[in-house]
Amino acid sequence: MISCIICSRYSDISVELKENIASTIGCEYELIVINNSMNEYSIFSAYNEGVRKSKGDILCFMHEDILYH
């Protein structure tokens, strides 16, 4: 399983990104969205929090403003 770890400036990621990941990933995955809307995390601490929450064998650290093709 792939754990997609995303540090977000908002409380959740966009529906467009959720649908994009679902339609392109091709395997079992989980989304771990770290809400950084209050700017309480550095990118490093947010990703470390995501690692703690992840259950996947593969970790994918990504930004919320990308789309996969």
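Between C60 and I2, the shortest heavy-atom contact is CB-CG2, 4.1 Å. For the residue pair Y68 and T24, the shortest heavy atom distance occurs at CB-OG1, 3.6 Å. Here the closest heavy-atom approach between residue C4 and residue I25 is recorded as SG-CD1, 4.0 Å. Taking each heavy atom of S3 and G56 in turn, the nearest pair found is OG-N, 2.9 Å.
Cluster annotation: I43 and L59 are assigned to the same hydrophobic cluster (Ile/Leu/Val/Met/Phe/Trp/Tyr, side-chain heavy-atom contacts under 4.5 Å, transitive).
Here V15 sits alone; no ILVMFWY side chain lies under 4.5 Å from its own, so it joins no hydrophobic cluster.
Atom-to-atom distance recorded for S8:OG and H63:NE2 is 12.0 Å, nearest 0.5 angstrom. For the atom pair E49 CD and S54 OG, the distance stands at 10.5 Å (nearest 0.5 Å). Here CZ of F44 is found 11.0 Å from SG of C7. Values are rounded to the nearest 0.5 Å. Distance CG/D12 to CD1/I6: 9.0 Å, rounded to 0.5 Å.
When side chains are defined from C-beta on, I58 does not count as touching Y29, because their heavy atoms never get closer than 4.5 Å. Between L17 and M62 the shortest side-chain heavy-atom distance falls below 4.5 Å.
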Y10 and V33: side-chain contact (heavy atoms from CB on, under 4.5 Å), yes or no, with the steps? CA-CA 10 Å; Y10 308 103; V33 179; over 6 Å; no

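The list of salt bridge (Lys or Arg N to Asp or Glu O under 4.0 Å) pairs with a residue in residues 58-69, not counting sequence neighbours, reads R9-E64. Listed by first and then second residue, the salt bridge (Lys or Arg N to Asp or Glu O under 4.0 Å) pairs involving residues 26-46 amount to none (not counting sequence neighbours).
No donor-acceptor pair under 3.5 Å is formed between the side chain of N20 and the backbone N or O of L67.
Screening N48, I5, I32 for a side-chain contact (heavy atoms from CB on, under 4.5 Å) with K53, the sole residue that qualifies is I32.
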